[in-house]
Engineer: 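Provided herewith is a single structure, encoded as structure tokens, for subsequent inquiry.
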Amino acid sequence: MKTNVAIIGAGPSGLLLGQLLNNKGIENVILERQSPDYVLGRIRAGVLEQGMVALMREAGVADRMDREGLVHDGFEIAFGEHRRRIDLKDLTGGSSVTVYGQTEITRDLMEARALSEAVSLYEVDNVYPHDIESDSPYVTFEKDGETLQLACDYIAGCDGFHGVSRRSIPRHILNEFERVYPFGWLGVLSDTPPIADELIYANHDHGFALCSMRSRTRSRYYIQVPSYENVEDWSDDRFWNELRARLPEDVRNNLVTGSSIEKSIAPLRSFVAEPMQHGRLFLVGDAAHIVPPTGAKGLNLAASDVATLYELMVRIYEEGRSDLINRYSATCLKRVWGAERFSWWMTNLLHRFSDNRFDLRVQQADLEYYTTSHSAQKTIAENYVGLPYDRLE
Ligand code: APR
Ligand code: PHB
């Protein structure tokens with residue numbers, strides 16, 4: 001087999017890149033370890049920056065997102081009995097975010113790909129990139145017990161945090177930066193109307209809570225729990241009671257509870273691998289970086305990497321600009337570190353880290369300042385709607 005771009009992983013990064021390249025006539029093959037149903041079964045975040053929305057439109061897969069996505073012009077930060085709104089639109093001069101689940105994004109991209117000629121191979125094992133430092137790299141993999149080889153010009157490593165791509169960059173070249181947080185998010189999805197029209201991020205003595213949504217009839221809630229907690233120990237009732245306790249009284253009374261349709265605990269981690277490329281292998285999305293979900297940046301950061309690699313591939317195939325190859329990593333990393341900083345900072349602002357009385361007072365002062373000073377609110381807003389995408393040159 002032969003193609004232009006071998007894409008490893010059919011998460012949002014791989015599928016979106018594949019769709020954009022298809023539209024430009026740049027051939028690509030997607031190799032995915034899991035089945036389509038398994039990929040669609042993963043519940044992830046659902047707040048899209050305008051850059052991601054624009055990219056979905058450019059890829060020609062935005063019809064349902066434009067119809068069903070909820071445009072949010074603001075969100076709330078709650079602490080104690082305070083509710084303070086961050087008016088995204090006003091503070092950024094017109095920007096907003098779109099609430100539309102990652103599962104739906106993945107479904108829309110999968111459907112579009114199925115309608116195209118492009119090849120996607122699911123349930124493949126032992127995927128390995130080879131000769132990435134040469135001009136003719138290739139990928140080997142097993143499908144139905146048979147070992148196959150895919151020759152290509154470039155390899156896009158879109159295979160998430162646990163994928164093979166990052167591990168294919170020699171150890172002495174790769175630099176990894178990590179912070180692991182001592183808690184996770186216990187999340188519940190339920191077919192109940194959201195508690196409010198906009199998202200509410202809450203800081204409480206018991207820990208962080210987030211009220212989010214997928215639609216007007218489906219809610220997504222999270223609470224901070226210690227890393228050692230087991231999801232089996234959290235009945236729906238226990239979850240609702242704890243969530244309710246962490247919300248200001250006037251919000252709490254609007255909570256509609258119901259049985260959970262998904263419940264899981266996700267650990268929180270900040271992680272960056274540098275450089276994001278080696279030879280003809282490029283790392284994209286979670287393969288190169290992880291953010292704690294507090295700033296809703298994971299998917300959006302994957303989208304900006306995709307935008308950069310897409311730009312690079314188009315410049316190479318349409319203009320012969322292979323001199324731009326070495327710009328990929330630095331271009332992505334500038335924005336990656338901006339989002340890492342914001343996600344880490346939002347996590348610090350909103351979670352309970354320790355019982356140190358001084359730290360708690362400083363956190364309260366931060367909450368007070370960032371929710372009342374206009375310039376501080378502006379800082380939150382411009383990061384939340386997403387920093388600008390950088391071009392390769
Ligand atoms: N071979 C083939 N496919 C693999 C391999 C492998 N060795 N390892 C992992 N994969 C697949 C996974 O099964 C998964 O479907 O790669 C895909 C990676 O998808 P994601 O983990 O979703 O990563 P990405 O596409 O970069 O998505 C960005 O943003 O909101 C965040 O973490 C969230 O998934 C989200 C991410
Ligand atoms: C979600 O809806 O899953 C969600 C929203 C905002 C976040 C994180 C997760 O910051």
Side-chain angles (χ1 to χ4, degrees), residues 1-40 42 44-46 48-69 98 100-122 124 127 139 150 152-160 163 165 281-288 298-318 328 332 386 389 391-392:
M1 289 169 80
K2 191 169 176 8
T3 193
N4 294 136
V5 184
I7 299 176
I8 306 177
S13 299
L15 289 166
L16 181 55
L17 177 66
Q19 191 62 23
L20 289 160
L21 295 179
N22 282 346
N23 294 345
K24 291 283 182 185
I26 301 172
E27 226 184 82
N28 60 90
V29 170
I30 295 185
L31 303 172
E32 164 63 50
R33 185 164 56 184
Q34 307 288 354
S35 67
D37 282 347
Y38 183 96
V39 173
L40 282 173
R42 292 190 291 233
R44 300 266 174 85
L48 312 182
E49 296 173 354
Q50 279 180 345
M52 165 109 206
V53 168
L55 210 54
M56 288 288 286
R57 291 187 185 138
E58 181 160 354
V61 285
D63 286 358
R64 198 158 68 94
M65 179 193 75
D66 282 333
R67 243 184 1 257
E68 297 176 15
T98 299
Y100 187 67
Q102 181 172 323
T103 313
E104 307 313 315
I105 296 265
T106 309
R107 195 189 311 278
D108 296 345
L109 286 163
M110 275 184 178
E111 279 173 12
R113 189 158 180 102
L115 292 175
S116 75
E117 305 279 281
V119 178
S120 319
L121 298 174
Y122 283 87
V124 296
V127 177
V139 181
L150 173 64
C152 56
D153 303 327
Y154 301 99
I155 302 172
C158 305
D159 48 353
S165 299
L281 169 71
F282 302 93
L283 302 181
V284 182
D286 278 17
L299 177 61
N300 292 301
L301 216 42
S304 57
D305 293 350
V306 167
T308 304
L309 189 54
Y310 168 56
E311 185 195 351
L312 177 63
M313 292 297 122
V314 171
R315 303 288 302 268
I316 290 175
Y317 285 100
E318 290 186 354
Y328 174 76
C332 292
Y389 283 18
R391 307 287 298 177
L392 284 167

Engineer: Are Leu48 and Ile105 packed together at the side-chain level, in the sense that at least one heavy-atom pair is separated by less than 4.5 angstrom?
Structural biologist: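 In contact.
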Engineer: Taking atom CD1 of Ile30 and atom CD of Gln19, what is their separation to the nearest 0.5 Å?
Structural biologist: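 Going from CD1 on Ile30 over to CD on Gln19, the span is 9.0 Å.
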Engineer: Identify the heavy atoms of Ala302 and Val284 that sit nearest to each other, and give their distance.
Structural biologist: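 That would be O-CG1, 4.2 Å.
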Engineer: Between CD1 of Ile155 and CG of Leu283, what distance do you get to the nearest 0.5 Å?
Structural biologist: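 Answer rounded to 0.5 Å: 11.0 Å.
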Engineer: Tell me every residue that passes salt bridge (Lys or Arg N to Asp or Glu O under 4.0 Å) with Asp66, counting only those two or more places apart in sequence or in another chain.
Structural biologist: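 Expected list: Arg57.
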Engineer: Do you know the tightest heavy-atom contact between Met110 and Tyr122?
Structural biologist: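 Answer, listing the atom of Met110 first, then Tyr122: CE-OH, 3.5 Å.
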Engineer: Look at the side chain of Asp159 and the backbone N and O of Gly9, then say whether any donor-acceptor pair between them is shorter than 3.5 Å.
Structural biologist: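 Pair absent, no side-chain N/O of Asp159 close to backbone of Gly9.
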Engineer: Going by salt bridge (charged side-chain N to carboxylate O under 4.0 Å, His left out), name the pairs with one or both residues in residues 10-37, residues two or more places apart or in two chains.
Structural biologist: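 For residues 10-37: none.
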Engineer: Under the ring-ring contact (aromatic ring centres under 6.0 Å, His included) test, which residues partner Tyr389, sequence neighbours left out?
Structural biologist: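 Counting only residues at least two positions away or on another chain, Tyr389 forms no ring-ring contact (aromatic ring centres under 6.0 Å, His included).
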Engineer: For Leu20, run the side-chain contact (heavy atoms from CB on, under 4.5 Å) check against Ile26, Leu55, Val314 and tell me which one passes.
Structural biologist: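 Going through Ile26, Leu55, Val314 one by one, the side-chain contact (heavy atoms from CB on, under 4.5 Å) with Leu20 is satisfied by Leu55 alone.
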Engineer: With sequence neighbours excluded, tell me which residues meet salt bridge (Lys or Arg N to Asp or Glu O under 4.0 Å) with Arg67.
Structural biologist: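 None.
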Engineer: Keeping to residues at least two apart or across chains, list the salt bridge (charged side-chain N to carboxylate O under 4.0 Å, His left out) pairs with something in residues 102-116.
Structural biologist: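 Passing the test, one end in residues 102-116: Arg64-Glu104, Arg64-Asp108, Glu104-Arg107.
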Engineer: Identify the two heavy atoms, one from Ala10 and one from Val39, that lie closest to each other, and give their separation to 0.1 Å.
Structural biologist: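 In terms of heavy atoms, the two residues are closest at O-CG1, 3.6 Å.
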Engineer: With distance as the sole test, does Asn23 use its side chain to make a donor-acceptor pair with the main-chain N or O of Ala59 at under 3.5 Å?
Structural biologist: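 Yes; at least one donor-acceptor contact below 3.5 Å.
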Engineer: Once rounded to the nearest 0.5 Å, what's the spacing between atom CG of Leu17 and atom CG of Asp305?
Structural biologist: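 Leu17 CG to Asp305 CG: 10.5 Å, rounded to 0.5 Å.
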Engineer: Can you name the nearest heavy-atom pair linking Ala6 to Val139, along with the distance?
Structural biologist: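 It is CB-CG2, 3.9 Å.
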Engineer: For the pair Tyr154 and Tyr317, name the ring-plane relationship: parallel under 30°, tilted 30 to 60°, perpendicular over 60°.
Structural biologist: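 Perpendicular, since the angle between the ring planes exceeds 60°.
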Engineer: Check side chain to side chain donor-acceptor pair (under 3.5 Å) between Ser304 and all other residues, then give those that pass, not counting sequence neighbours.
Structural biologist: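 Residues passing side chain to side chain donor-acceptor pair (under 3.5 Å) with Ser304: Arg335.
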Engineer: Rounded to the nearest 0.5 Å, what's the gap from CG on Leu109 to CD on Gln102? Could you check?
Structural biologist: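 Output value for this atom pair is 10.0 Å.
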Engineer: Indicate yes or no: at least one non-hydrogen side-chain atom of Leu281 is less than 4.5 angstrom from one of Ser165.
Structural biologist: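 With C-beta onward as the side chain, the pair touches.
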Engineer: Is there a donor-acceptor contact under 3.5 Å from the side chain of Ser35 to the main chain of Tyr38?
Structural biologist: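 Present.
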Engineer: Side chains of Leu21 and Tyr310: does their closest heavy-atom pair fall under 4.5 Å?
Structural biologist: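 The answer is yes, as the side chains (C-beta and beyond) meet within the 4.5 Å cut-off.
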Engineer: Side chains of Thr106 and Arg42: does their closest heavy-atom pair fall under 4.5 Å?
Structural biologist: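 They are not in side-chain contact.
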Engineer: Of all the heavy-atom pairs spanning Glu49 and Asn300, show the shortest one and how long it is.
Structural biologist: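 That would be N-OD1, 2.8 Å.
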Engineer: Are Leu312 and Phe282 side-chain neighbours, meaning at least one heavy-atom pair lies under 4.5 Å?
Structural biologist: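 Contact flag for Leu312/Phe282 side chains = yes.
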Engineer: Out of curiosity, Ile7 CD1 to Leu121 CG, how far, rounded to the nearest 0.5 Å?
Structural biologist: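 Spacing of CD1 (Ile7) from CG (Leu121) equals 12.0 Å.
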Engineer: Distance check, rounded to the nearest 0.5 Å: Cys152 atom SG versus Asn28 atom CG?
Structural biologist: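 One finds 11.0 Å between SG of Cys152 and CG of Asn28.
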Engineer: Grab the two heavy atoms, one from Val61 and one from Ala112, that are nearest each other, plus how far apart they are.
Structural biologist: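 In terms of heavy atoms, the two residues are closest at CG1-CB, 3.4 Å.
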